[in-house]
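Just so we're on the same page: letters track the sequence lines, and every chain starts at 1. Just so it is clear, the values below take in all heavy atoms, side chains as well, and ignore hydrogens, waters and symmetry mates.
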Amino acid sequence: MEQIAFSPAQVIDMALRQVAAGLENFGAEFDPQVRPADPRHGDFQANGVLPWAKQARKNPRQLGQELIDALATSNELNPLTVQWELAGPGFINFRLTPEFLLRWLETYRSDNALREGAGSSDQGRTVMVDYSSPNTAKEMHVGHIRSTVIGEAVARLLEFCGAKVIRDNHIGDWGTQFGMLIWAVKHHQTDLTKIEEVAELEALYRQGSAHYKSSPEAEDECRMELVKLQQGDPENQQIWQQITDASWRSFQQIYDSLDVHFDEVLGESFYRDKVDRIYAELIELNLAQEDQGALVVFHPEHQRFKTQPFLVRKKDGASNYASTDLATILYRVEHFKADELLYVVGLPQSDHFEQLFLTVQKWFAAKNYPVPEMRHLGFGTVLGEDGKAIRTRSGESVKLRDLLNEAIERARATVDAKQEERPEGERLSDEERAEVARVVGLGAIRYADLSQNRTSDYKFSWEQMLSLEGNTAPYLLYAVARLHSIFRRAGYTPGDASAEQGASAPEADEEIALARKLLAFPAVIEQTRSDLRPHFLCTYLFDLAGVFSTFYNACRVIVDEPDVRARRLMLASRTLTVLETGLHLLGLETLERM
RNA sequence: GCGGGAGUAGCUCAGUUGGAUAGAGCAAGCGUUUCCUAAACGCUAGGUCAUGGGUUCGAGUCCCAUCUCUCGCGCCA
């Protein structure tokens with residue numbers, strides 16, 4: 001039996017390339033541009049003939065005809081699994097047959113099967129994802145949610161595609177604020193080991209900062225504490241360590257609730273003894289130069305960076321985030337053998353990363369170090385209802401913990417309201433309601449963030465993200481819960497092969513539409529992976545849930561005809577699997593009841 | 001001043017890198033439940049894709065200009 005490929009689009013793409021390579025009017029460099037198509041036209045379309053014809057100054061219809069004729073005689077594609085035709089100005093439309101849809105659905109029946117199917121694309125690749133990155137002694141706020149949530153989704157996606165992923169939290173645990181903090185700790189006899197909330201550290205910081213500003217002598221006192229810390233004074237070192245530990249205990253609570261776990265937490269302090277080598281190599285290679293007392297890198301070939309400096313060492317000799325970021329990249333390549341480095345950091349820092357990557361490329365090339373693929377996964381700002389960066393009424397940044405708690409509370413209110421509408425016997429227990437509220441509330445925040453294009457700002461709206469309608473977590477979670485309910489009632493376990501025994505190929509319009517949507521999953525994963533924009537996956541899951549609802553409304557699943565019932569159970573089961581797999585990739589938990 | 005990002009339906013947003021008649025959701029209006037979760041589904045209406053030029057078989061997407069908003073631009077990260 002012929003093997004069923006995970007990605008039909010890829011098979012079509014390869015077949016077209018193969019055929020084109022042997023044709024005089026095409027060639028090996030022909031890119032067929034296979035894309036998912038509007039369902040009216042087919043499952044996939046190849047657009048590549050048009051630009052090719054344009055460049056060759058030939059008639060696109062004629063070239064297209066030549067290509068599909070050759071495809072027909074080549075045996076690259078089996079006409080029993082896929083049919084094609086030339087359309088419009090020169091598109092080639094491909095339509096998968098119902099028999100193939102059935103066989104694909106029989107093959108890719110579980111999360112594991114999907115994982116295996118997708119897992120070849122990044123096999124053997126080591127990717128480090130740098131995300132979340134809070135500063136110690138400071139509360140995590142809304143600004144961290146995007147980095148944390150997007151970073152986690154990206155990490156999961158890459159794992160799904162077969163990469164070895166190293167999650168690294170590059171915390172801000174070194175800097176001038178520690179002078180003030182240490183001073184405050186010493187003058188308030190604080191027991192840092194008892195601290196569980198960063199808020200207490202923030203209070204200390206405010207005291208230290210107030211003192212710092214009170215007089216020139218006070219300023220010197222704080223600065224002295226910083227100098228002692230930097231010189232390795234044991235007492236200050238210990239206080240610093242305790243501040244870091246206390247901060248981490250607090251962060252950990254949030255990470256636990258979000259199910260985010262890091263493989264490494266190598267903050268700025270980790271690299272402080274690794275920056276001297278950076279200075280030395282950059283100077284040796286003539287990449288860096290002294291300028292106004294500081295060490296800077298210019299990029300003469302770059303419009304802006306020929307004059308806008310990349311400042312790698314301050315004039316007082318101290319390192320900054322440019323130097324530690326450079327040291328970090330070297331470490332990630334030398335120690336972790338990373339092939340790809342991803343930075344989930346806000347878009348305002350794009351200049352920094354552009355300069356950073358440019359510098360690394362030149363430096364590594366000159367030193368013959370392997371140059372990793374580096375990408376800044378920038379994201380937009382979270383805006384309040386007024387369209388400005390989100391703040392509390394008093395003008396402070398919104399604490400992440402408060403945000404998460406409020407989401408759960410609001411979800412709980414909705415859960416309770418919905419329960420009232422149900423008959424007595426079908427209501428959830430108090431415990432179940434709490435669980436539903438937790439999953440829906442946290443899911444809503446996460447999904448609202450991920451379903452938005454990463455690079456654009458987005459408006460934070462409780463009403464919208466917790467809405468039961470539209471492209472939201474509650475809608476999708478409900479679709480999942482409903483599917484579970486179907487199987488409970490029918491007395492089957494989702495994915496149970498015996499329930500699907502003897503399934504016939506999809507027939508009704510709604511069945512075919514659902515099957516085709518399910519088969520679009522591989523292409524969506526590819527697209528999401530290549531751009532690392534989770535909202536592609538979100539849009540797909542929302543569409544899938546909608547197509548399923550239409551199917552579910554039109555086609556009764558539990559019917560008498562065995563083959564029809566088997567195929568509908570199979571469609572329902574696959575929808576459930578794809579929805580759950582997708583939501584889990586995004587970092588959402590799913591529910592069996594709600 | 002230089003540079004980045006953005007401007008698509010009343011609102012919130014998609015639009016797979018130049019492809020087929022620009023799509024969703026909310027809000028508005030109409031309809032569907034003796035039937036597997038109505039937290040659902042179907043239908044209607046809603047557009048000069050900021051503005052003006054240009055490139056070509058073809059532009060929301062590319063190039064130029066203009067307007068508006070926003071964010072960066074030497075010792076914070």
Review point. If we call it a pair only when both distances are under 3.5 Å in a Watson-Crick or G-U wobble match, what pairs with B/G29?
Key: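 Across any shown strand, B/G29 pairs with B/C43.
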Do any side-chain atoms of residues 344-357 of chain A form donor-acceptor pairs under 3.5 angstrom with protein atoms, and if so which ones, sequence neighbours left out?
from     : atom 1 : to       : atom 2 : distance (Å)
A/Ser350 : OG     : A/Leu347 : O      : 2.9
A/Asp351 : OD1    : A/Arg304 : NH1    : 2.9
A/Asp351 : OD2    : A/Arg304 : NH1    : 3.2
A/Asp351 : OD2    : A/Gln308 : NE2    : 3.3
A/His352 : NE2    : A/Asp325 : OD2    : 2.8
A/Glu354 : OE2    : A/His302 : NE2    : 3.1
A/Gln355 : NE2    : A/Gln308 : O      : 3.2
A/Gln355 : NE2    : A/Pro309 : O      : 3.3

**Study point:** Sequence neighbours excluded, every pair satisfying side-chain hydrogen bond (donor to acceptor under 3.5 Å, both in side chains) that has a member inside residues 44-53 of chain A
**Key:**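 Listed once each, the pairs would be none.
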Check your understanding: What residues, two or more places apart in sequence or in another chain, satisfy side-chain hydrogen bond (donor to acceptor under 3.5 Å, both in side chains) together with A/Arg446?
Key ->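 A/Arg446: no side-chain hydrogen bond (donor to acceptor under 3.5 Å, both in side chains) contacts found.
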Review point. Which residues within residues 307-321 of chain A lie with some heavy atom under 4.0 Å of an atom in RNA chain B?
Key: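 Contacting residues: A/Gln308, A/Pro309, A/Leu311, A/Lys314, A/Lys315, A/Asn320, A/Tyr321.
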**Study point:** RNA chain B contacts made by residues 342-358 of chain A, counting heavy atoms under 4.0 Å
**Key:**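 When residues 342-358 of chain A is checked for heavy atoms under 4.0 Å from RNA chain B, the hits, listed by number, are A/Pro348, A/Gln349, A/Asp351.
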N/O donor-acceptor pairs under 3.5 Å from side chains in residues 531-547 of chain A, not counting sequence neighbours:
from     : atom 1 : to       : atom 2 : distance (Å)
A/Arg533 : NH1    : A/Asn453 : OD1    : 2.7
A/Arg533 : NH1    : A/Thr455 : OG1    : 3.0
A/Thr539 : OG1    : A/His535 : O      : 2.9
A/Tyr540 : OH     : A/Lys517 : O      : 2.7

Point to revise | Pairing residues for A/Tyr458 by the ring-ring contact (aromatic ring centres under 6.0 Å, His included) criterion, not counting sequence neighbours | key: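 Applying ring-ring contact (aromatic ring centres under 6.0 Å, His included) to A/Tyr458 gives none.
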Within the sub-3.5 Å range, which N or O atoms of nucleotides 55-57 of chain B have a protein N or O partner, and how far apart are they?
none

Using residues 135-142 of chain A as the side-chain source, report each donor-acceptor pair under 3.5 Å to any protein atom, sequence neighbours left out, with the distance given to one decimal.
from     : atom 1 : to       : atom 2 : distance (Å)
A/Thr136 : OG1    : A/Gly172 : O      : 3.3
A/His141 : ND1    : A/Gly143 : N      : 2.9

**Study point:** Donor-acceptor pair (no angle test) under 3.5 Å: A/Glu469 side chain, B/G25 base
**Key:**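 Per atom types, no contact qualifies.
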**Study point:** Residue pairs, two or more places apart or on separate chains, that pass salt bridge (charged side-chain N to carboxylate O under 4.0 Å, His left out) and touch residues 477-488 of chain A
**Key:**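 Those involving residues 477-488 of chain A do not exist here.
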Point to revise | Base-contact (B) and sugar-phosphate-only (S) positions in nucleotides 7-15 of chain B, heavy-atom cut-off under 4.0 Å, - elsewhere | key: -----SSSS
Can you tabulate the close N/O pairs, meaning under 3.5 Å, that link protein atoms to atoms of nucleotides 35-38 of chain B?
from  : atom 1 : to       : atom 2 : distance (Å)
B/C35 : O2'    : A/Arg556 : NH1    : 2.5
B/C35 : O2'    : A/Arg556 : NH2    : 3.1
B/C36 : N1     : A/Tyr552 : OH     : 3.3
B/C36 : N3     : A/Val557 : N      : 3.1
B/C36 : N4     : A/Tyr552 : O      : 2.7
B/C36 : N4     : A/Cys555 : O      : 3.0
B/U37 : OP1    : A/Ser485 : OG     : 2.6
B/U37 : OP2    : A/Ser485 : OG     : 3.0
B/U37 : OP2    : A/Arg489 : NE     : 3.2
B/U37 : OP2    : A/Arg489 : NH2    : 3.3
B/U37 : O2'    : A/Tyr478 : OH     : 2.3
B/U37 : O2     : A/Arg422 : NH2    : 3.3
B/U37 : N3     : A/Met594 : O      : 3.4
B/U37 : O4     : A/Met594 : N      : 3.4

